[in-house]
Amino acid sequence: MVYHEGVRLAEPPASGTAETADELLERQRRRESSARSYPRRLPIALEAGHGSTVRDRHGREYLDCLAGAGALALGHHHPVVVQALRDVLDDHAPLSTLDLPTPVRDRFVEQLFAVLPEQLRDGRVLFCGPTGADAVEAAVKLARTATGRSGLVAFGGAYHGMTQGTLALSGRKAVKEPLGTLLPDVHHLPFPTAFRSPFGLEDGAAMAGRLVEWALTDDLSGIATPAAVIAEPVQGEGGVHPMPATFAATVRRATRATGTVLIADEVQTGLGRTGDLWASEAVGLDPDVLVLSKAIGGGLPLAVIVHRGELDGWQPGAHAGTFRGQTLALAAGAATIREVVRAGLAQRAREAGRRLTEGLLTVAADDPRVGHVRGRGLMAGAELVDPGVADADGVPVPDGWLAGRVQRAMLDRGVIVEVGGSHDAVVRFLPPLVITDEEIDRVIDAFGAALRAVHADDGAER
């Protein structure tokens with residue numbers, strides 16, 4: 001340890017004395033808040049990454065099917081992103097300019113608008129703080145300002161962030177219950193799911209759509225006409241539930257009839273992940289506000305909302321923040337958008353996703369503990385169940401214990417995955433869009449091998 005004028009300065013370890021993964025994890029455990037989450041389930045310390053692969057401190061490589069929770073569309077250290085960052089640094093561009101114009105900012109805006117859904121290309125963009133949660137907060141503020149209303153409608157199973165406001169819009173109760181009153185005037189309606197439908201064995205999409213129409217248009221619903229309805233075209237953290245097109249059409253019809261702003265949260269689905277550039281466009285959701293983050297920053301923190309021009313009625317400074325458009329993120333984002341389009345990576349995600357889901361279905365056919373495989377593009381999930389216990393509708397109950405064991409067993413086999421959904425029973429796959437067919441096959445093999453390994457160890461205590 002070095003001291004300067006009585007202040008202790010930390011130095012990196014000398015060459016050849018790098019800390020081990022266990023030492024880094026222990027240092028994190030001692031220094032960081034208990035709110036940290038991923039290292040509890042994925043006890044590794046990462047050192048390098050390239051494409052779809054990362055390497056830990058012990059030199060072991062893993063296929064990264066977490067990819068920054070979907071933020072790394074081009075994977076780690078893609079050449080076009082690296083070059084864009086180098087160009088900014090070599091040009092001595094100002095790295096932080098609040099919302100003052102720069103050539104880098106302008107290039108990002110022009111590139112983004114060139115690929116937006118048609119109905120938003122004459123709209124407006126707002127740069128938010130560099131998280132999806134802040135962008136959702138901005139979308140809510142915009143809707144309330146534009147309509148003069150306060151109410152919000154969201155859906156069960158939704159995930160929109162971890163701020164007080166976005167938690168109120170999200171579905172998972174466990175993280176909300178310790179906090180007391182959150183954002184007021186929020187109403188949740190059921191989201192249609194193909195497996196474990198909230199309506200039992202009924203047609204979930206039709207029933208859920210009718211409930212939205214009833215809530216927004218029926219004078220006796222008890223819900224005042226809201227400022228906005230917010231929805232994910234594919235629920236991610238909620239268990240990888242794609243929105244049916246019929247449901248999207250009903251939601252759009254009901255919001256339009258009542259002058260309610262329709263917000264599409266594409267923080268995780270946007271920029272090609274689901275097999276189309278924009279998942280909301282593919283299902284016909286036609287939003288008034290599009291919330292974007294993760295992939296549009298090329299792996300660096302960046303978040304925006306894009307909205308129809310007629311909503312642009314708030315005052316200067318109505319939503320601000322220090323890092324609303326940081327130069328390195330803008331450069332990386334513009335390069336990523338160009339590359340996704342140039343290389344046809346949305347189509348590639350569609351094809352690769354088909355290969356992934358078909359492989360998972362093949363595994364599921366031989367194991368009753370895989371209750372359902374679903375997803376769109378390279379946003380896939382396998383819900384694990386206890387086949388010996390059924391709910392009131394005769395559907396096997398979710399088995400989060402099994403999913404956690406499979407996640408760890410896949411890590412032992414060199415594949416990083418996430419879990420989510422009810423009881424964290426859904427094994428989730430969010431690889432970079434550049435993942436190869438050979439790598440996808442390795443992921444599928446690791447999933448099958450992990451299930452078999454956990455089966456052989458069924459005597460372990462739950």
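Computed from a predicted model, the values in this text were never measured in an experiment. Sequence positions, counted from 1, serve as the residue numbers for this chain.
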| task | For the pair His319 and Trp314, name the ring-plane relationship: parallel under 30°, tilted 30 to 60°, perpendicular over 60°. | result | parallel

Which side-chain N or O atoms in residues 183-190 pair as donor and acceptor under 3.5 Å with protein atoms at least two apart or in another chain?
from, atom 1, to, atom 2, distance (Å)
Asp185, OD1, His187, NE2, 3.3
Asp185, OD2, Ser150, OG, 2.7
Asp185, OD2, Gly151, N, 3.2
His188, NE2, Leu169, O, 3.0
His188, NE2, Ser170, O, 3.2

| query | Which pairs count as side chain to side chain donor-acceptor pair (under 3.5 Å) when at least one residue sits in residues 112-128, sequence neighbours excluded? | reply | Gln119-Asp286

| said: Can you list everything that forms a salt bridge (charged side-chain N to carboxylate O under 4.0 Å, His left out) with Arg172? Sequence neighbours excluded, please. | reply: Asp424

| request: Taking ring-ring contact (aromatic ring centres under 6.0 Å, His included) as the test, write out the residues that go with Tyr159, two or more places apart. | output: none

| Knowing that exactly one of Val140, Val291, Leu290 qualifies, which makes a side-chain contact (heavy atoms from CB on, under 4.5 Å) with Ile305? | Val291

| field | With His372 via ring-ring contact (aromatic ring centres under 6.0 Å, His included) - residues at least two apart | value | Phe195

| Of all heavy-atom pairs between Thr166 and Ala133, which one has the smallest distance, and what is that distance? | CG2-O, 3.5 Å

| Non-hydrogen atoms of Val261 and Ala143 that approach each other most closely | CB-CB, 3.8 Å

| field | Note: Asp288-Arg252 ion pair, threshold 4.0 Å (strictly below) | value | yes

| Does any pair with a residue in residues 266-281 pass side chain to side chain donor-acceptor pair (under 3.5 Å), and if so which ones, sequence neighbours excluded? | Glu266-Thr269, Glu266-Ser280, Gln268-Arg428, Asp276-Arg350

| remark: Hits for salt bridge (charged side-chain N to carboxylate O under 4.0 Å, His left out) against Arg354, two or more places apart or cross-chain, chain-then-number order -> none

| request: Verify, without hydrogens or angle tests, whether His58 (side chain) and Arg60 (backbone) share a donor-acceptor contact under 3.5 angstrom. | output: no

| request: Taking Lys141 for its side chain and Ala318 for its backbone only, find out whether a donor-acceptor pair lies under 3.5 Å. | output: yes

| salt bridge (Lys or Arg N to Asp or Glu O under 4.0 Å) contacts in which one or both residues fall within residues 315-327, not counting sequence neighbours | Asp99-Arg324

| Which residues pass the salt bridge (charged side-chain N to carboxylate O under 4.0 Å, His left out) test with Glu438, sequence neighbours left out? | Arg442

| Taking only residues at least two apart or on different chains, which pairs with a member in residues 82-92 satisfy side chain to side chain donor-acceptor pair (under 3.5 Å)? | Gln83-Asp87

| field | Partner residues of Arg107 under the salt bridge (charged side-chain N to carboxylate O under 4.0 Å, His left out) criterion, sequence neighbours left out | value | none

| query | Pick from Val443, Thr436, Val434: which one makes a side-chain contact (heavy atoms from CB on, under 4.5 Å) with Ser52? | reply | Val434

| note | With Glu351 as partner, the option from Gln347, Arg348, Arg355 fulfilling side chain to side chain donor-acceptor pair (under 3.5 Å) is Gln347

| query | Is there any salt bridge (Lys or Arg N to Asp or Glu O under 4.0 Å) pair reaching into residues 332-345, and which pairs are they, with sequence neighbours excluded? | reply | Glu339-Arg342

| Identified side-chain contact (heavy atoms from CB on, under 4.5 Å) partner of Leu216 from the options Val251, Val229, Thr225, Leu211 | Val229

